[in-house]
Amino acid sequence: MRAGSLRHTATIYERSSTRSPYGALDHTMSANPVTHKCSIKQRTFRERAENGQMMSRVEFELHFRYSEALELINPGAQIDVAGRRLEVLSSSDMDGKRKRVVIFTEDVR
């Protein structure tokens, strides 16, 4: 992977929960203070009719340098990159060589 191809900066938001003063759990998304460089590529675009409305689904593929924290990111986490808010579907070290992590995401609308 060439260093020049990682042009975008990604901020990762993970789910966190805290107790409110009344004892209930408050679920929020908290930003990870570490940002990562990545490349982004659109994979698919689908539209379907749902309850009389057209719903779209856009999937993206993000490539990062290897980091164990990125490989173990939970589905449902969100990533801000290239002006988009993306929800993580899955992440893995595709070739098993610990050189890069590929994260599959979809656009949150």
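Residue numbers run from 1 in the order of the sequence given.
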Could you pull out all residues at least two apart from T35 that satisfy side-chain hydrogen bond (donor to acceptor under 3.5 Å, both in side chains)?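 Listed in chain order: nothing, the list is empty.
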Hydrophobic cluster (4.5 angstrom, side-chain heavy atoms) - remaining members for V102: M94, F104
Which other residues belong to the hydrophobic cluster containing L25, where Ile, Leu, Val, Met, Phe, Trp and Tyr are joined when side-chain heavy atoms lie under 4.5 Å apart, directly or via other members?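 None; L25 is a cluster of one.
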May I ask you to test the [X]-[Y] pair for a side-chain heavy-atom distance under 4.5 Å?
| X | Y | value |
| --- | --- | --- |
| F64 | H36 | yes |
| E106 | L89 | yes |
| T9 | D80 | no |

Please check if atom CD in Q42 has more than 12 non-hydrogen atoms from other residues, nucleotides or ligands closer than 6.0 Å.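 Yes, because the 6.0 Å sphere around CD of Q42 holds more than 12 heavy atoms from other groups.
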Does Q53 have more than 12 heavy atoms from other residues, nucleotides or ligands lying within 6.0 Å of its CD? no
Shortest non-hydrogen contact from R7 to K37? O-NZ, 3.8 Å
Without swapping roles, check the side chain of S91 against the backbone of E71 for a donor-acceptor pair under 3.5 Å.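 Pair found, side chain donor or acceptor close to backbone of E71.
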Donor-acceptor under 3.5 Å (D26 side chain, R19 main chain):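 Side chain of D26 to backbone of R19: no pair is present.
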Give me the one residue out of R85, E87, E14 that meets side chain to side chain donor-acceptor pair (under 3.5 Å) with Q78.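 Result for side chain to side chain donor-acceptor pair (under 3.5 Å) with Q78: R85.
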